[in-house]
Each structure stands twice: as structure tokens, then as C-alpha cells.
*Asks:* 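Sharing a structure here in C-alpha cells format.
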Number of protein chains: 2
Amino acid sequence: MKRGHQVTMKEIAKKLGLSVSTVSRALKDSPELHPETKLKVVEMAKSMNYQPNLLAQSLRISRSKVLGVIVPELTSHFFSSNISGIQDTAYKRGYNVMICQSNESYVQEISNIKILVASQVDGLLISLSRETKNYQHLQDLYDRGIPFIMFDRVTEEIPVSRVTVDDANGAYQVTKHLLEQGCKKVAFISGPQDLYISKKRKEGYLKALVEFGITEAESRVYISDLKEETNKQIAKQILEEADRADAIFAMIDPLAIDVMLVLKEHGVRIPEDIALAGFTNNPTSSVVEPSLTTVVQPGYEMGKIAANHLLDQLDEIASDDPQSFILDTTLIARNSTLKKK
Amino acid sequence: MKRGHQVTMKEIAKKLGLSVSTVSRALKDSPELHPETKLKVVEMAKSMNYQPNLLAQSLRISRSKVLGVIVPELTSHFFSSNISGIQDTAYKRGYNVMICQSNESYVQEISNIKILVASQVDGLLISLSRETKNYQHLQDLYDRGIPFIMFDRVTEEIPVSRVTVDDANGAYQVTKHLLEQGCKKVAFISGPQDLYISKKRKEGYLKALVEFGITEAESRVYISDLKEETNKQIAKQILEEADRADAIFAMIDPLAIDVMLVLKEHGVRIPEDIALAGFTNNPTSSVVEPSLTTVVQPGYEMGKIAANHLLDQLDEIASDDPQSFILDTTLIARNSTLKKK
DNA sequence: CTGTTAGCGCGTTCAT
DNA sequence: ATGAACGCGCTAACAG
């Protein structure tokens, strides 16, 4: 394809019989320049539709004004909200974003990092893949002094800033709510155990149980790899148990929806027979029937905070000391748990 | 923040007492080089964790290996699927993507284009904002010879390649299906009239009506700006009409969901009293009650095709002649339209 | 006030 | 088989 040639300062200079540096100065409104020359240059630049070559500028100052973002998947509503927040923030502060998805793959995450670093991004915002259990690649980034922070899917093993929601408290709120509704046997369906959020949410779940006099030994924890099939499988398993749970807290909304479908299929009334709650407030959750009790996780806000903090560090407005931003969550009680009296 | 210093060829050369060009040659495995030297360089590079500076390479060859993407919003499931397809494809072919969202704003769309072009992207994939009714900015891009193509939200006024779904046929399928279910008075709620997809879908709607002996004069077209409030407002309006519709075809799923909520609120049975259908197959649509009849729009596939085609043009595998890719849609009939006999 | 020089990192001449 | 020089586009330091 005929690639469009971009006008350069050199060409402007040539047309005007000036040196390139004069053009450069005129374009950045240097004071020590004859106003008339300045005007001539500016007008010529406009008429030739001159656009500065950001690549050249970046190479010169060794700063690209680009942030790299890595998320496990782009199509999840939560992550796309994060990205939206990051993008809007970066844009406002004069940065572009390069976005990669790891597709929940550890090797692809590593490859993404490598490419973004080679592309000279000024900093990285990373949300880890489900597969990531080894953090050497992050340690390497850290050792090389490449600025990055983590959000949502984080690890505590690397001393960089993190932005998360208060997962433990969110889970605590949900579980407490279920217990307050009179449920006695609350099951918790967790994602993979090594996931940070799995740990945190389980923590909150157990805390609420204990407060209501239920020991950890009496807790009902199920582990899913979060694939639809497994989710439904676990739902069936719960239904078949002799001492069946009367409430299910699913670690994320899509999981809850899968469970809901199984319950409905089996004629189980929600919430009368089994109450059901999720986590994250996906758009879907408010319109399913019964509407799903869940926890608001401010995705856009998280992205915004993460991007602003990273840019603050880059601009030396914020210190490099790792900071942990923990955003509040809000319980939204809906029909899937509200038992009519 | 202490910015990580990237190792350069210069440093490798210095450590080895060689010239930069030798290092360069060694790293790209040039044949006319002493094998031993080559080995030394490669090993040193590895031990120093050398990564080529893509910015410098890009500047040199005037090709950035970056594609720019502009979508109206990142959080819509359809667009994030597009982006996912674009990203995966670009990644496989050695390209990165810079993503911007216009937030449905015309001026932001222009600004995004400007920034991406200044960033020297090799090509652009654009989905127009709702506000975009003037195409001069695209004409300018075209005149400057900057490769770009459009997807989903396109215009026919600029001679570049387009990737869309067969909107007219999808709408035709839906409307025909409603009529076949025995509905006599099918309403169509459209988005803003100047939107390409509004026109195309209305076209399909009318075609089906005519086939069933209903004239355009008898058609029932409503226009929404697609904001929740307007959507619900229109739904109420339809309910209040004396000669009430017995089926509603909403131009996009979220609109259909808004309508569904209003219908349910007013005790209208779906589909018995009013059948309801949408377009796009959002994840939500399959789990609402009743499940929503809709049309599958292959978002990921569209992104993939769009990216591959643009890259083919860039790599001169495909010609520059504008091509129009029209993807097939598939009707999914669900409970919101399937009347039990 | 303006031109010359130099360098960001890389790869391709051209020279040895 | 290797080095030196040049240029991609831009800007800052140095000259005049």
C-alpha cells in the first residue's frame, strides 16, 4: 500500500530556505526568534499539514509517552472497564496506551512484557494471568528499574504499587448478608486457590462465618477453574449433597450466573430454597431473574487510579515507595438473596 | 522514578572492544562474520539482557509495526470483542496495537486520529462515533495516503475497505421470524437515523414487512438515541398506543433489555402479549428471562478479518482497492419470541 | 536572531 | 571479517 509520507521539518526548512533548527524553534515558540520568521514557519507548517514525529521525539528524550497495559482478557466487562479508565486518564495526561492480552497464559504474559518493554513504554500496568504462579519475570522488570504497577490480579511478592478492591471485606459483606437473611449453610465457590482474589475473598467469607459462630471446619468451600463446565458441575454437586447448602456465594458473577442456570434447571427456587450471590456487578447481573446480589467493584475507577498513580510516579509527583490502593466495595442486595417474609 | 536503563548495542560493543556495526551484524546473524565474534556478541547480549530498541528501529525504517485502533467505547462487549480479535491477530503478525476510545465524540475521534498518526502507526482501524456525520477528517487521512479501514460503524463516503456484518439481512431474518410467529404489528426501534447500521437494519425490517404484505406506510419505526432513559420512554409510548404493537424489534440488545424491563414492569407477557427481539447477542441476552431472541454478530471474527486485511494491504499481499467484507449473521430464536402453541 | 554540530539507537552503505 | 560514516526526525548546546 502506498504509505503516506509525513511532512518533516526538513522539508519545511527547505521550502523556506531556513535551517531545521530554526523551524524547530519556531514550532515550539522559542522567544529568541524573529516574529516574522516564526509566523512564516508556523503558517507553512500548517499549510503543509505538518505533524511532529512522536517516534523521533521519543527516541531523543528516551521517553515514549506510552503506557503498556496487560490484562488477562479484553472482553471481560471488568477488565474493559479498567482499560477504559486507564485509557481516558492516560489520554488526558498526554499518554498513549498499548494494550496486550495474556489470554490467561503465563508465557504470553511474559512475551507481552518483553514486547512492551522493547517498545520503550514508559511504564506498565499489569493484571496477572490465572496461570501466573511464578513471579521471576516481574522481579526482572523490577530489577531492571522499569516502572510498573499491578491492578486487580496482583501479587504481594514484588514490592511495587498495587490497586485492588477490598476483596476480603466485599466477601465478608456478602456472606454476612446471607447469614443475616437466615441462611445457615453458606457455600463458597472459589476460583483457583493461588489467585490472590481467591484467597482474599475466602478470608472474608470465613470471617463472617466465624462471627456467626460457624467454624472453619464447618465451612463449605468448592474450587472451580472458572470454566463454564466446571462451574455447572460444582453446582450440581452441591445440589446432590445430603446436607445441602441453603446459600451459595460464587466468587465472580459469571460463575454465579452459571450456577443460577443449573439451579433453575433443577427447579430450585432462588432465594427460597437456595440464596445466591456473586461478586463484581457485571451488567448482566441486574437483569437476570432473579436479579443477582453482588458487590460493586469500581473497574473504571480502578483503572483511573492505577494510571494516575503510575503517571505520578513517572512524573515524580508520587514517590517510588510501593503503595497499596484498596478500593471500597459496595454490596448490592437483590432478589437472589432477599427472602420475602 | 528511577527509570530503567536499557542496554544498547553501543555498550555491548564497548565491553567487547568491537564496533557497533559488528554487534549489529552479529545480532542479526549476518553470514560475513567470524563465528567466534558472533558467539561472543550473542552471549554478551544475552548476559546483559539486551533488548533492541523498537523505537529506534521504527525511526530508521519509517515503519512502527504498530496499528492504531479507534472505537466508540471500550466497555461494550461487541467492541471489546473486536479489539480482542484485532489484538490477537496483530500480535501473531508481529504488530502492536495502540487503542483509543472516542467516547462517541466526534471531536475526540479527530483528536485520536491525530495522535495515532503522529505516533506513526502504520495503519488505522476505525469504528466511527455516533456523532460523526462529517467525514472530512477521514478524507484527509485518505488524501494523505495513510492506510486505514473501517469496521462496524462505517461510512460509504470514503473509498477504503470496510468490515461489517450483513445488517440488512440480520434485521430481515429477525423481522421475518417475528412475522412467522404470527405477529402482525411489528415495531422497530432504531438508533440515530444517520448511523449506517440504523439504515441497514431498517432496510431489512422493511423488506420483511413487504414480503408479508405490509407496506412501508404501515411500518412502525421509532427512533432512540440509545440512552437508557429514551429507550424506556419509547417502550412506554408503545405500550400506551391504542393500536398497540404485538412485537418489538430493538436495534441492539441493550435497547431490547431496557424495553424488556419496562414490559415486565407493566405486567406485559413476553412473548404472548408482545414478542421481543434484539441484535448482537450480548452475553446478557441468553440469561435474561425470557431469554432474548437476537442475531449473532461475530465481533472477534470481525476484528480478526479487519486486522488481517489491513496488514495484508500494508504488506502488499492485498491490493489497495477498497474491499467490503460483509459477514454473515445468524438468528438465534429464544423464548422472547417463541410462542408456545 | 539564526546556522552548525551533535546525539538519541539502529542498520546499511562503503571502505579497508 | 570488521570499522567508519551516514541518515531516520528532532532538539539542545554551542557559535556567531
Side-chain angles (χ1 to χ4, degrees), chain A residues 3-42 44-45 48-66 94 115 117-122 144, chain B residues 3-42 44-45 48-66 94 115 117-122 144:
Chain A
R3 241 149 320 327
H5 171 71
Q6 302 283 82
V7 177
T8 68
M9 289 189 175
K10 200 176 178 180
E11 300 172 53
I12 298 178
K14 197 170 180 184
K15 277 222 167 156
L16 257 32
L18 290 169
S19 78
V20 180
S21 25
T22 303
V23 174
S24 172
R25 277 187 279 249
L27 258 22
K28 51 177 11 210
D29 206 29
S30 161
E32 42 172 43
L33 203 53
H34 195 91
E36 205 176 302
T37 318
K38 196 182 290 185
L39 193 67
K40 262 199 316 192
V41 172
V42 169
M44 178 59 81
M48 294 176 76
N49 203 356
Y50 169 79
Q51 297 286 77
N53 183 326
L54 261 39
L55 241 49
Q57 285 183 178
S58 299
L59 179 62
R60 232 192 76 72
I61 63 176
S62 304
R63 277 199 105 187
S64 62
K65 293 260 182 183
V66 175
I115 289 177
V117 170
S119 300
Q120 310 297 116
V121 296
D122 288 341
R144 293 167 63 190
Chain B
R3 235 131 356 301
H5 171 72
Q6 302 281 83
V7 177
T8 66
M9 289 188 174
K10 200 177 178 181
E11 299 172 53
I12 299 177
K14 198 171 180 184
K15 277 221 165 157
L16 257 33
L18 291 170
S19 78
V20 181
S21 19
T22 304
V23 173
S24 172
R25 279 187 276 249
L27 258 23
K28 52 176 10 210
D29 207 30
S30 159
E32 41 172 43
L33 203 54
H34 196 92
E36 206 175 302
T37 318
K38 197 182 290 185
L39 193 67
K40 263 199 316 193
V41 172
V42 170
M44 178 59 81
M48 293 176 77
N49 203 357
Y50 169 79
Q51 298 284 76
N53 183 326
L54 261 39
L55 241 48
Q57 284 183 178
S58 300
L59 181 60
R60 227 191 78 74
I61 62 175
S62 303
R63 278 200 104 185
S64 62
K65 291 260 182 185
V66 175
I115 290 176
V117 169
S119 300
Q120 310 297 118
V121 295
D122 288 341
R144 291 167 63 191

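What you see is a predicted model; the values in this text were computed from it and never measured. In what follows, every chain begins at residue 1, and chains take the letters A, B, ... in the order their sequences are listed.
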*Asks:* Side chain of B:Ser19: nearest nucleotide among D:dC10, C:dC10, D:dG3?
*Replies:*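 The answer is D:dG3, which lies nearest to the side chain.
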*Asks:* I want to check one thing: is the phosphate of C:dG11, taken as OP1 and OP2, less than 4.0 Å away from some side-chain N or O of B:Gln57?
*Replies:*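 True: B:Gln57 side-chain N/O within range (under 4.0 Å) of C:dG11 OP1/OP2.
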*Asks:* For B:Lys40 and D:dT2, give me the distance from atom NZ to atom P, rounded to whole Å.
*Replies:*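 Atom-to-atom, B:Lys40 to D:dT2, this comes out as 8 Å.
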*Asks:* From the list D:dC10, C:dG3, D:dC8, which nucleotide is the closest neighbour of the side chain of B:Leu59?
*Replies:*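 Selected nucleotide: D:dC8.
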*Asks:* Report the distance from atom NZ of B:Lys14 to atom C1' of C:dG9, rounded to the nearest whole Å.
*Replies:*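 In whole Å, C:dG9 C1' and B:Lys14 NZ are 16 Å from each other.
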*Asks:* Check every strand shown and say whether B:Ser21 touches a base, only sugar-phosphate, or nothing at a heavy-atom separation below 4.0 Å.
*Replies:*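 Answer is base: heavy atoms of B:Ser21 come under 4.0 Å of a base.
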*Asks:* Kindly indicate whether the side chain of B:Arg60 and the base of D:dG9 share any N or O donor-acceptor pair separated by less than 3.5 Å?
*Replies:*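 In this structure, the two groups form no donor-acceptor pair.
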*Asks:* Please evaluate the base of C:dT2 for a donor-acceptor partner in the side chain of A:Thr37 within a cut-off of under 3.5 Å?
*Replies:*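 Result: no qualifying N/O pair found.
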*Asks:* Run the side chain to side chain contact (heavy atoms under 4.5 Å, CB included) test on B:Gln120 and B:Val66 for me, step by step, so that the C-alpha distance in whole Å, both residues' side-chain angles and the decisive distance to 0.1 Å come before the verdict.
*Replies:* CA-CA 8 Å; B:Gln120 310 297 118; B:Val66 175; over 6 Å; no
*Asks:* Take the protein atom CG of A:Leu39 and the nucleotide atom P of C:dT2, then report the distance between them rounded to whole Å.
*Replies:*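 For the pair A:Leu39 CG and C:dT2 P, the rounded distance is 13 Å.
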*Asks:* Please check the phosphate of C:dC8 (OP1 and OP2 only) for any side-chain N or O of B:Lys10 closer than 4.0 Å.
*Replies:*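 For B:Lys10, the contact criterion (side-chain N or O under 4.0 Å from OP1 or OP2 of C:dC8) is met.
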*Asks:* Is the phosphate of D:dT2 approached by B:Thr22 (side-chain N or O, under 4.0 Å from OP1 or OP2)?
*Replies:*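 For B:Thr22, the contact criterion (side-chain N or O under 4.0 Å from OP1 or OP2 of D:dT2) is not met.
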*Asks:* Please pick, from D:dA1, D:dC10, C:dC10, the nucleotide with the shortest atom-to-atom distance to any side-chain atom of B:Leu33.
*Replies:*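 Shortest atom-to-atom distance from the side chain points to D:dA1.
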*Asks:* Record whether the side chain of B:Arg25 comes under 3.5 Å of the base of C:dT13 through a donor-acceptor pair of N or O atoms.
*Replies:*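 Side chain to base: pair present.
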*Asks:* When we call it a touch if two heavy atoms are under 4.0 Å apart, what does A:Ile61 touch: a base, just sugar-phosphate, or nothing?
*Replies:*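 Answer is nothing: A:Ile61 stays at 4.0 Å or more from every strand.
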*Asks:* Return no unless some side-chain N or O of B:Lys38 is found under 4.0 Å from OP1 or OP2 of D:dA1.
*Replies:*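 Looking at the OP1 and OP2 atoms of D:dA1, neither is under 4.0 Å from any side-chain N or O of B:Lys38.
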*Asks:* May I ask you to say what A:Val20 touches in the nucleic acid, namely base, sugar-phosphate or nothing, with a heavy-atom cut-off under 4.0 Å?
*Replies:*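 Here A:Val20 touches the bases of the nucleic acid.
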*Asks:* Run through A:Ser62, A:Ser58, A:Ser119 and flag the one making a side chain to side chain contact (heavy atoms under 4.5 Å, CB included) with B:Leu55.
*Replies:*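 It is A:Ser58; the other options fail the test.
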*Asks:* When the distance from CG of A:Leu55 to P of C:dC8 is rounded to whole Å, what number comes out?
*Replies:*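 One finds 17 Å between P of C:dC8 and CG of A:Leu55, rounded.
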*Asks:* May I ask you to say what B:Ser24 touches in the nucleic acid, namely base, sugar-phosphate or nothing, with a heavy-atom cut-off under 4.0 Å?
*Replies:*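 The answer is base, as B:Ser24 lies within the cut-off (heavy atoms under 4.0 Å) of a base atom.
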*Asks:* Counting the atoms with a prime plus P, OP1 and OP2 as sugar-phosphate, which does A:Leu18 contact under 4.0 Å by heavy atoms, base, sugar-phosphate, or nothing?
*Replies:*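 Contact class for A:Leu18: sugar-phosphate only.
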*Asks:* Looking only at the side chain of B:Glu32 (C-beta and beyond, no hydrogens), which of the listed nucleotides C:dG11, D:dT2, C:dG3 gets closest?
*Replies:*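 The nucleotide sitting nearest to the side chain is D:dT2.
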*Asks:* Can you find a side-chain donor-acceptor pair between B:Ser21 and B:Ser24 that sits under 3.5 Å?
*Replies:*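 There is no such pair (donor and acceptor under 3.5 Å, judged by atom type) between the side chains of B:Ser21 and B:Ser24.
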*Asks:* One pair to check against side chain to side chain contact (heavy atoms under 4.5 Å, CB included): A:Met44 and A:Tyr50. What are the steps and the verdict?
*Replies:* CA-CA 8 Å; A:Met44 178 59 81; A:Tyr50 169 79; over 6 Å; no
*Asks:* Between A:Asp122 and A:Arg63, is there a donor-acceptor pair closer than 3.5 Å when you use the side chain of the first and the backbone of the second?
*Replies:*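 Not confirmed, A:Asp122 side chain does not pair with A:Arg63 backbone.
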